[in-house]
Peer 1: 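Encoded as structure tokens, here's the structure I'll be asking about.
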Amino acid sequence: NLTNVTQTSGHDWTPKFSPTNKKIVYTTYFPETDNYDIFIMNDDGSGKMNITNSPWYEKYPQFSPDGSFIIYQAWQNGKMEIFFTNLLDGNNINLTRNTQSHDIMSHGNVLTPDNQKIVFTSERDGNRNIYVMNTDGTEQTQLTDHTSHDYEPAFSPDGLSIVFTSERDGNKEIYIMNN
């Protein structure tokens with residue numbers, strides 16, 4: 001029982017179901033223009049809509065736990081930043097607003113269940129460390145401070161813990177901390 005729900009000439013990938021399973025958000029790569037955009041559609045493939053439609057690279061979309069907004073990774077002017085799209089008004093907002101270094105969203109669960117916080121990796125202090133911020137981009141707070149890289153953070157399903165990868169032991173290890 002397989003059904004191709006995108007049926008496009010581009011490369012469609014990184015699909016995520018909405019919390020109600022009625023919508024799917026995903027990335028499409030257009031080789032002819034070397035561009036990535038974020039699309040949303042109904043679970044049967046109908047109602048496709050490009051929600052980013054820009055010349056920048058936008059990838060790795062995720063629904064908020066309540067399905068009211070989408071966050072995604074975007075590359076603008078050579079730097080990775082984290083963006084927010086409200087599904088009601090369609091506004092795309094740069095949350096990290098950090099043009100000096102990369103802010104990286106992991107592919108895991110980066111939002112707390114209450115939609116209040118986003119966990120991410122930033123290179124703003126010279127190496128990768130874990131940060132948390134409110135979903136409106138305010139109160140960006142550094143959680144780890146180590147000379148080795150800490151990255152790929154994800155919230156536990158209850159939002160009380162954060163799991164991440166660290167190289168502080170000389171190789172990649174998994175660490176957990178309280179939120």
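Here, residue 1 is the first one in the sequence, and each next residue gets the next number.
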Peer 1: Between the side chain of N127 and the main-chain N/O of S148, is any donor-acceptor distance below 3.5 Å?
Peer 2: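 Side chain of N127 to backbone of S148, a donor-acceptor pair under 3.5 Å: yes, one is there.
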Peer 1: Of the non-hydrogen atoms in R128 and I104, which two are nearest, and what is the gap between them?
Peer 2: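 Shortest heavy-atom contact: NE-CD1, 4.2 Å.
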Peer 1: How long is the span from the CD atom in Q62 to the OG atom in S106, to the nearest 0.5 Å?
Peer 2: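 Separation between the atoms: 6.5 Å.
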Peer 1: Run the side chain to side chain contact (heavy atoms under 4.5 Å, CB included) check on W75 and K59 step by step: do they pass?
Peer 2: CA-CA 9 Å; W75 284 253; K59 298 180 182 181; 3.6 Å; yes
Peer 1: Would you kindly confirm whether F83 and Y29 end up in one hydrophobic cluster when ILVMFWY residues are joined by side chain heavy atoms under 4.5 Å apart?
Peer 2: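 Each belongs to a different hydrophobic cluster.
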Peer 1: Going by side chain to side chain contact (heavy atoms under 4.5 Å, CB included), name the residues that satisfy it together with T112, two or more places apart in sequence or in a different chain.
Peer 2: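 Scan of T112 (side chain to side chain contact (heavy atoms under 4.5 Å, CB included), adjacent residues dropped) gives D114, Q116, K117, F155, N179.
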Peer 1: State the OH-CG distance between Y131 and N98, to the nearest 0.5 angstrom.
Peer 2: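 It comes to 8.5 Å.
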Peer 1: I38 versus N50: any side-chain heavy-atom pair under 4.5 Å?
Peer 2: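 Result no, sub-4.5 Å side-chain heavy-atom pair not found.
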Peer 1: Hydrophobic clusters join Ile, Leu, Val, Met, Phe, Trp and Tyr when side-chain heavy atoms are under 4.5 Å apart, directly or via other members; which others share one with F17?
Peer 2: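 Under the 4.5 Å side-chain rule, F17 groups with V5, I24, Y26, F30, F39, M41.
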Peer 1: Determine yes or no for a side-chain-to-main-chain donor-acceptor pair under 3.5 angstrom, with N129 supplying the side chain and H146 the backbone.
Peer 2: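 A pair under 3.5 Å: yes.
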Peer 1: Less than 4.5 Å apart, any side-chain heavy atom of T135 and any of L111?
Peer 2: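 Yes - at least one pair of side-chain heavy atoms lies under 4.5 Å apart.
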Peer 1: Between N134 (side chain only) and D136 (backbone N and O only), is there a donor and an acceptor less than 3.5 Å apart?
Peer 2: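 The answer is no, because no donor-acceptor pair under 3.5 Å joins these two groups.
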Peer 1: Are L87 and I40 side-chain neighbours, meaning at least one heavy-atom pair lies under 4.5 Å?
Peer 2: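 Answer yes - side chains close enough.
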Peer 1: Treating Q140 as the side-chain partner and L95 as the backbone partner, does any N or O pair qualify as donor plus acceptor under 3.5 Å?
Peer 2: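 Checking the backbone N and O of L95 against the side chain of Q140, a donor-acceptor pair under 3.5 Å is found.
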Peer 1: Quick one: do E139 and M133 satisfy side chain to side chain contact (heavy atoms under 4.5 Å, CB included)? Show the steps, please.
Peer 2: CA-CA 5 Å; E139 297 185 33; M133 67 179 161; over 6 Å; no
Peer 1: Search all heavy atoms of P19 against all heavy atoms of P65 and return the closest pair with its distance.
Peer 2: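 Shortest heavy-atom separation between P19 and P65 comes out as CG-O, 3.0 Å.
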Peer 1: Working note: D12 + T27, criterion side chain to side chain contact (heavy atoms under 4.5 Å, CB included); need CA distance, chi angles, decisive distance, verdict.
Peer 2: CA-CA 6 Å; D12 304 317; T27 304; over 6 Å; no
Peer 1: For the CH2 atom of W56 and the CG atom of N35, what is their distance to the nearest 0.5 Å?
Peer 2: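 Interatomic distance, W56 CH2 to N35 CG, rounded to 0.5 Å: 10.5 Å.
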Peer 1: Ignoring hydrogens, what is the shortest heavy-atom contact between F164 and T144? Give both atom names and the distance.
Peer 2: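 Closest heavy-atom pair between F164 and T144: CZ-CG2, 4.0 Å.
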Peer 1: Kindly indicate whether the side chain of V25, heavy atoms from C-beta on, has any atom under 4.5 Å from the side chain of S18.
Peer 2: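 SC-SC contact between V25 and S18 ruled out.
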Peer 1: Looking at every heavy atom in both K23 and F63, which two are closest together, and how far apart are they?
Peer 2: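 Heavy atoms only, the tightest pair is CB-CZ, 3.9 Å.
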Peer 1: Should the pair R168 and Y175 be classed as cation-pi, given the thresholds of under 6.0 Å to the six-membered ring centre and 45° from the axis?
Peer 2: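 R168 over Y175 ring: yes.
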Peer 1: Side-chain contact, heavy-atom cut-off 4.5 Å: T121 with P153?
Peer 2: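 Yes - at least one pair of side-chain heavy atoms lies under 4.5 Å apart.
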Peer 1: For Y60, what residues pass the side chain to side chain donor-acceptor pair (under 3.5 Å) criterion, not counting sequence neighbours?
Peer 2: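 With sequence neighbours excluded, Y60 shows a side chain to side chain donor-acceptor pair (under 3.5 Å) to no residue whatsoever.
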Peer 1: Taking all atoms of both residues into account, what is the closest heavy-atom pair of G137 and R97, and its distance?
Peer 2: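 Closest pair (atom of G137, atom of R97, distance): O-NH2, 3.9 Å.
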Peer 1: Distance check, rounded to the nearest 0.5 Å: N92 atom CG versus N86 atom CG?
Peer 2: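 Output value for this atom pair is 10.0 Å.
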Peer 1: Do V163 and V110 belong to the same hydrophobic cluster, where Ile, Leu, Val, Met, Phe, Trp and Tyr are linked whenever their side-chain heavy atoms lie under 4.5 Å apart, directly or via other members?
Peer 2: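 The answer is no; the residues belong to distinct hydrophobic clusters.
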Peer 1: Decide yes or no on side chain to side chain contact (heavy atoms under 4.5 Å, CB included) for N53 and D37, but give the supporting numbers first.
Peer 2: CA-CA 6 Å; N53 200 22; D37 279 331; 4.2 Å; yes
Peer 1: Can you tell me how far OH of Y36 sits from OH of Y72, rounded to the nearest 0.5 angstrom?
Peer 2: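 Y72 OH to Y36 OH: 16.0 Å, rounded to 0.5 Å.
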Peer 1: For a 4.5 angstrom cut-off between non-hydrogen side-chain atoms, does T99 reach N77?
Peer 2: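 The answer is no; the side chains never approach within 4.5 Å.
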Peer 1: From I51 CD1 over to I70 CD1, what is the distance, rounded to the nearest 0.5 angstrom?
Peer 2: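 CD1 of I70 is found 3.5 Å from CD1 of I51.
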Peer 1: Find out if a path of hydrophobic residues (ILVMFWY) with successive side-chain heavy-atom gaps under 4.5 Å connects I93 to F69.
Peer 2: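 Same cluster.
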Peer 1: Hydrophobic clustering (ILVMFWY, side-chain heavy atoms < 4.5 Å, transitive) - are L160 and I118 grouped together?
Peer 2: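 No, separate clusters.
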Peer 1: Measuring only between side-chain heavy atoms, which start at C-beta, is Y151 closer than 4.5 Å to E167?
Peer 2: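 In short, these two side chains touch, coming nearer than 4.5 Å.
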Peer 1: Please report the shortest heavy-atom distance between Q100 and K79, naming the atom on each side.
Peer 2: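 Here Q100 and K79 meet closest at O-CE, 3.6 Å.
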